[in-house]
Structures are given as structure tokens and as C-alpha cells.
There are 2 protein chains.
Amino acid sequence: MSYKIGILGYGNLAKGCELSIMQNPDMELVAVFTRRDPSTVTIQTEGAKVDSADNIENYKDQIDVLIICGGSATDLPEMTPKYSKMFNCIDSFDTHANIPVHFKNVDDAAKASSHTSLISAGWDPGMFSLTRLYSNCVLPEGKDYTFWGKGVSQGHSDAIRRVEGVKNGKQYTIPVPEALDAVRSGSEPELTTRQKHTRECFVVAEEGADKAKIEKTIKEMPNYFADYDTTVHFISEEEFNANHSGMNHGGFVFRSGTTGKNGENKHIIEYSLKLDSNPEFTGSVLVAYARAIARLASNGDYGCKTVFDIAPALLSPLTGEEIRAHLL
Amino acid sequence: MSYKIGILGYGNLAKGCELSIMQNPDMELVAVFTRRDPSTVTIQTEGAKVDSADNIENYKDQIDVLIICGGSATDLPEMTPKYSKMFNCIDSFDTHANIPVHFKNVDDAAKASSHTSLISAGWDPGMFSLTRLYSNCVLPEGKDYTFWGKGVSQGHSDAIRRVEGVKNGKQYTIPVPEALDAVRSGSEPELTTRQKHTRECFVVAEEGADKAKIEKTIKEMPNYFADYDTTVHFISEEEFNANHSGMNHGGFVFRSGTTGKNGENKHIIEYSLKLDSNPEFTGSVLVAYARAIARLASNGDYGCKTVFDIAPALLSPLTGEEIRAHLL
């Protein structure tokens with residue numbers, strides 16, 4: 001038997017999910033649903049359909065889990081509750097402050113219709129969240145640190161591209177090496193925003209644009225850049241296309257804690273990711289969790305879940321005997 | 001309410017568990033059970049009892065989880081099934097080849113008496129196993145690497161101390177830096193045993209002992225040292241006591257994998273531990289899992305479990321709302 005998967009959307013994350021399904025012999029892509037004209041969308045999976053999102057309800061009995069690939073700002077808050085009435089769903093909702101509301105909306109919809117949905121899967125939230133939780137449980141006295149990068153921030157790249165005179169732009173978030181070293185030492189440093197990350201921007205300016213003004217506008221942009229040491233490089237379109245079209249990312253999660261009667265013994269837990277393709281890795285996490293969600297749903301364990309609620313064995317295509325023999 | 005814990009044994013690991021219970025306000029140590037004369041054992045927890053292991057059955061209704069601190073060679077294979085008939089139990093069984101048999105024996109005992117027991121908790125097996133499982137699920141195409149150290153191997157230190165003419169000895173397992181770098185590069189190297197770890201021994205020789213012979217015996221010892229580049233340092237008893245009485249350990253787990261239609265994108269997951277005190281960290285893991293096991297047992301989810309079967313949220317003293325708000 002195989003798990004039958006639907007994907008809503010066909011942007012970078014959806015394409016990452018599709019590629020991941022191809023790596024998992026027990027997973028089958030049934031259809032990609034799009035809000036565009038389906039005839040304009042060509043997917044890579046032989047035998048899978050492309051259909052309009054308007055027709056999605058027709059697939060209610062053909063799909064075990066629907067992976068919703070939309071934006072956290074406006075798409076997912078509306079879509080995941082809506083589709084949790086028809087399907088077991090997975091999303092990668094990452095607007096941290098709105099997780100409680102989103103959780104409740106999805107939970108209500110899923111429970112009322114006997115479905116199981118997972119929100120906020122991926123690597124942060126996702127694999128990083130798991131590391132934070134496990135590490136806090138085993139080292140209750142200590143301090144957490146999360147660093148992002150080196151990698152491309154879509155939000156910051158978008159912000160650059162909105163600046164007048166900018167034709168194209170990409171922003172890399174970079175952890176400060178001295179800050180990483182200080183955390184690894186176990187000294188539990190207090191680090192400001194500026195001490196943790198730097199931001200490096202590569203900008204293609206429009207012809208005749210005022211580069212000094214662009215640089216100043218970027219560096220002083222509130223929330224995005226003002227609190228950071230930011231470097232702006234102006235480059236040609238050719239160089240931009242040749243060297244800055246990737247979607248690499250990654251980061252580090254640390255727990256620095258102590259044990260002993262007087263906290264005399266230090267312990268450092270470090271988890272890091274170096275990802276050539278952020279959307280393909282994120283898609284791979286979503287697909288692994290699709291397996292778990294299908295299993296929970298078939299056991300009648302309905303409602304909204306997060307990665308915290310899923311026993312790790314449920315993610316694996318292997319049996320309990322196999323994982324105990326090979327991975328324990 | 002608090003979780004009522006018993007500890008069987010009072011060696012280094014048991015003392016680590018006791019200290020961890022003190023760090024967790026929702027945990028209470030009820031009693032330490034010993035095979036020695038209880039009047040010779042002094043524990044650190046006010047109000048907790050020390051009693052003979054022979055009287056343990058009297059505590060059946062006073063203890064939620066019994067943490068069994070014994071050796072994997074002979075103690076745990078007998079003790080964990082035996083006590084799983086009376087208590088929910090946790091052990092740190094780490095003889096890899098015998099896990100299937102141990103699992104079955106504990107599972108049979110626990111199910112027959114409506115108890116829940118967890119085997120093989122700690123950091124390897126334990127936290128490292130979790131990293132291997134999660135990483136294999138999200139990167140199904142790739143390669144696993146586990147390195148241990150730098151840290152003290154009890155088994156290898158014991159082996160040194162059994163050599164004729166050796167008064168005291170300690171062995172450090174050290175990952176080879178070039179091997180770590182090769183794995184981090186994503187090249188997925190094939191590494192021999194010798195290429196992954198070196199072994200460094202600090203030996204106090206008995207007066208008049210033949211040091212050359214001791215060194216040769218250690219270096220050629222099959223299974224323990226013969227397959228490694230081993231260094232032997234002879235030091236004084238004073239130096240040994242001053243610098244080599246710690247129980248630090250740690251290690252690294254990597255998953256190096258690829259995604260993309262032709263595996264063109266590389267991803268590296270790295271998890272590492274740097275531990276000042278191996279028994280205190282291991283004890284902290286066991287205590288966190290005691291919380292989860294008590295919860296599973298009170299939900300009627302009986303039988304033998306491993307870390308793979310436990311949803312991460314069950315380890316935490318926080319509510320679902322709290323962990324979603326602070327750690328997701």
C-alpha cells in the first residue's frame with residue numbers, strides 16, 4: 001500500500017514536496033491543485049494529475065494527506081482550516097505570534113470533520129523546534145540559542161526589491177562566528193540582535209539609480225536591517241544570475257545547560273543544518289510528516305497536531321523492529 | 001501533583017538521576033533501592049528513603065516509575081523484565097545486538113501486568129538514536145555517521161585496568177578531526193574504523209612493571225584497541241587523580257543526504273553533545289523520559305517502549321499551549 005498525497009500550490013515548496021515524494025517508495029502523488037489555469041502548469045510526476053483548486057473536493061476519497069503550500073501571511077490562515085474540513089492536511093505555517101489562533105482554527109475544523117492536520121512543519125518551525133523541546137526537557141536549567149544562516153532570507157530579499165531603483169536583490173543572513181564560539185564555550189552569553197547575525201545584500205541597481213541612496217535606504221530599514229550590521233554590494237545582472245540564484249539556508253540550535261548539585265557540570269547540545277535547497281529540505285520534512293499524519297488519522301487520532309505531538313517512529317517507512325535494529 | 005520516582009542502584013548513573021530529579025519541580029524521589037546494606041548508603045535527597053532492593057515490592061503503590069541503574073551485560077537483562085512486573089520502568093540498556101531480545105522480554109512482562117517500560121534511554125542509545133531516526137526520515141537518500149568523544153570510555157578504561165602491571169588507567173575516545181571535516185563537506189566519505197577515532201590512554205603503572213609490555217598489550221588488544229591508532233601515556237598517580245578523574249563525554253551524529261531530481265542538492269544535519277558529566281546528562285535523559293512513561297501508563301498505553309515511540313511533548317512539564325508558544 002502507499003500513502004496518497006495531494007499538493008495544493010506549485011511554487012518552490014510544492015516542487016520540493018513533489019521531489020521528496022519521488023524519493024519515498026511508499027508515497028504516491030495523486031494530484032497537484034493550482035489556483036492558476038491547470039493547462040499552464042507542468043509537473044514532473046508521471047501519472048499524477050494537475051487540476052484546479054476549485055475541483056479539490058472531488059478528490060476527498062482519493063487522497064490520504066493534502067500538503068498545503070501557501071504563504072503564512074494570508075494563504076494558510078484561511079486555507080488550512082478550510083481544507084481540514086475535507087482532508088488531513090499539513091502546512092508550514094511560520095508566523096510565530098499567530099500559531100495559537102491558527103492551531104485552534106485548524107483543530108476545530110479537523111475535529112468537527114474527523115480529520116488530522118499538522119501545522120508548522122519544516123525546519124524552523126519544525127526540526128529546530130524539536131531540538132529546542134528535547135533539549136529543554138533533558139537540560140531544564142540552561143539557555144537556548146537559535147542562529148539562522150548562512151542562507152537566503154526570502155522576506156529580506158523581497159524587502160530589498162521593494163526599494164526604489166533596485167532591479168533585483170538577494171539577502172543572506174549570516175551568524176556571527178564569534179557569537180557561535182561564545183555559545184559553544186558554555187559561557188551562556190547574553191547576545192544582542194546585532195551580535196548574533198550580520199546581513200549581506202547583493203543588489204542589481206536600475207540604470208542611473210542613486211546607489212548611495214539605495215544603500216542608505218536598505219541599511220536604515222526598520223525591523224529588517226536597522227538593528228543589524230548590514231553590507232550592501234552592487235553587482236551586475238550577469239553576476240547576480242550566475243552566483244545568487246540558489247536557495248541555500250541552514251542554521252544552528254544550541255542548548256547550553258548545567259547539572260550537578262551546584263550546577264558545576266556544563267553540557268552543550270548543538271544541532272545544525274546546512275541546506276543547499278531550503279524548499280527541497282522543507283518539502284522533505286512535510287512529506288515525512290504526511291506519513292505520520294496518515295497513520296494518526298487512520299487510528300482515529302483527530303485534531304490539530306504539531307511536531308511535538310508525533311512519536312518519531314510514525315515518520316518512518318520502517319517497522320518498529322527495523323528501526324530498533326538499525327537506528328537505536 | 002508530582003511524579004513519584006524510585007531509583008534502583010546508587011552508582012554514578014543513579015546519582016545523576018537523583019540530581020536531575022532535584023532540577024525538576026514536578027518530580028519527587030521516593031526511595032533509592034540498593035543491593036548493599038542500606039545503612040551504608042547516604043543519599044542527597046532529604047525525605048527520600050534508602051531501602052534494600054529486597055523490599056522493593058512494598059513500594060508498588062508509592063512509585064510511578066522505577067529507574068533501573070544497572071549494567072547492560074548482566075544486570076538489566078534480568079532486572080528490567082523482573083521489575084516491569086511490579087513497576088513502570090526505565091533503563092539505559094546499550095548492548096545493541098541484544099536489544100530485540102531485551103525488548104521482547106520487557107514487553108511481555110509489562111503487558112502481562114499492565115505496566116509501561118522504556119528501554120535504552122540516554123544519549124547513545126537515546127538522543128543520538130532520535131537524531132538518526134528523524135534525519136533518515138527527512139533525508140531518505142544519504143549516509144549516517146556517528147562519532148563518539150572526546151570522552152571517557154568506561155569499557156576501554158576497564159580493559160586497560162585488567163592489563164597486568166596496570167594500577168589505574170583511563171581511555172579517551174577521540175574523533176579524528178579530518179574525518180569530521182570530510183563528513184561536514186558533504187562528500188559522503190567511506191571511513192574505516194581507524195580513520196574515524198583515535199584512542200588515548202593514561203596509565204599509572206605498578207612499581208617495577210614492564211611499561212613496554214603494558215603498552216604493547218594495550219595497543220594489540222583485539223576489539224578494544226587493535227583496529228585503532230592508540231597512544232599510551234604513563235603518568236604518576238598524582239597526575240592521574242588531578243587530571244583524569246572526570247567523566248566527560250560527547251559525540252556527533254551526522255546525516256549527509258541529497259534531494260532533487262538527480263540528487264543535485266546536498267544537505268548536512270549535524271547533532272553534537274559536549275558533556276562535562278556523562279552520568280549526570282544520561283540521568284537527566286532518563287528522568288525526562290520518566291515523565292513520559294508515567295503519562296503513557298496512566299493512559300493505559302502498556303508494554304515496552306523506546307525513545308522512538310514517545311511523542312516529544314510527553315517529556316515536557318509544560319502544557320501543549322506553553323510549548324507551542326515558547327518552543328515551536
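Keep in mind that this is a model prediction, so the values were computed, not measured. Every chain is numbered from 1 and lettered A, B, ... according to where its sequence line falls, protein lines coming before strand lines.
Contacts between B/Asp309 and chain A at a heavy-atom distance below 4.5 Å involve backbone atoms as well as side-chain atoms. If you measure heavy-atom distances from B/Leu139 to chain A, the contacts under 4.5 Å come from the side chain alone. Contacts between B/Leu130 and chain A at a heavy-atom distance below 4.5 Å involve the side chain alone, from C-beta outward. Of the atoms belonging to B/Gln44, heavy atoms from both backbone and side chain fall under 4.5 Å from chain A. Contacts between A/Ile99 and chain B at a heavy-atom distance below 4.5 Å involve the side chain alone, from C-beta outward. For A/Tyr289, the part lying near chain B is the side chain, with the backbone staying farther off; criterion is any non-hydrogen pair under 4.5 Å. For chain B, no part of A/Phe128 is nearby; none of its heavy atoms comes within less than 4.5 Å. Looking at A/Ser272, both its backbone and its side chain come within 4.5 Å of chain B, counting heavy atoms on both sides. Both the backbone and the side chain of B/Val307 come within contact range of chain A, judged by heavy atoms closer than 4.5 Å. The part of B/Ile310 that comes within reach of chain A is its backbone (N, CA, C, O), which places non-hydrogen atoms under 4.5 angstrom from that chain. Interface residue B/Ser277: backbone and side-chain heavy atoms are both found under 4.5 Å from chain A. Using a 4.5 Å cut-off between heavy atoms, B/Asn136 touches chain A through its side chain atoms alone. The parts of A/Arg184 that come within reach of chain B are both its backbone and its side chain, each placing non-hydrogen atoms under 4.5 angstrom from that chain. For a residue to count as touching a neighbouring chain, one of its non-hydrogen atoms must lie under 4.5 Å from one of that chain's; by this rule A/Asp124 touches chain B with the side chain only. At a 4.5 Å heavy-atom cutoff, the contact between B/Ile268 and chain A is made by backbone and side-chain atoms alike.
Between atom OG of residue B/Ser129 and atom NE2 of residue A/His326 there is a gap of 14.0 Å, rounded to the nearest 0.5 Å. Taking OG1 of A/Thr131 as the start and OH of B/Tyr134 as the end, the distance is 9.0 Å to the nearest 0.5 Å. Once rounded to the nearest 0.5 Å, the distance linking CG of B/Leu314 with CZ of A/Phe308 reads 12.5 Å. The distance from atom CG of A/Leu315 to atom OG of B/Ser135, rounded to the nearest 0.5 Å, is 11.0 Å. Taking NZ from A/Lys274 and CZ from B/Phe254, the interatomic distance works out to 7.5 Å, rounded to the nearest 0.5 Å.
Without hydrogens or angle criteria, B/Gln23 side chain to A/Lys261 main chain gives no donor-acceptor distance under 3.5 Å. Without hydrogens or angle criteria, A/Arg324 side chain to B/Pro100 main chain gives no donor-acceptor distance under 3.5 Å. B/Asp276 places no side-chain N or O within donor-acceptor distance of the main-chain N or O of A/Asn265, the cut-off being under 3.5 Å. A donor-acceptor contact shorter than 3.5 Å links the side chain of A/Glu280 to the backbone of B/Gly260.
Under the 30°/60° scheme for interplanar angles, the aromatic rings of B/Phe281 and A/His267 are found to be tilted.
A pairwise comparison of heavy atoms in B/Val138 and A/Ser284 identifies O-CB, 3.1 Å as the closest pair. Across all non-hydrogen atoms, the minimal contact from A/Cys137 to B/Ala288 is O-CB, 3.7 Å. Residues B/Leu328 and A/Pro125 share a closest heavy-atom pair of O-CB, 3.3 Å.
When A/Asn248, A/Thr259, A/Val253 are compared by the number of non-hydrogen pairs under 4.5 Å with chain B, A/Thr259 comes out ahead. Among A/Lys15, A/Glu18, A/Met127, A/Glu141, the residue making the largest number of heavy-atom pairs under 4.5 Å with chain B is A/Glu141. Counting heavy-atom pairs closer than 4.5 Å to chain B, the top residue among A/Val287, A/Leu286, A/Leu19, A/Ile269 is A/Ile269. Annotation: maximal heavy-atom pairing with chain B below 4.5 Å, among A/Met22, A/Glu321, A/Arg132, A/Arg291, occurs at A/Arg132. The candidate with the highest count of non-hydrogen atom pairs below 4.5 Å against chain A, out of B/Arg255, B/Glu264, B/Glu270, B/His96, is B/Glu270.
Here the side chains of B/Leu133 and A/Ser316 are in contact, with some heavy-atom distance below 4.5 Å.
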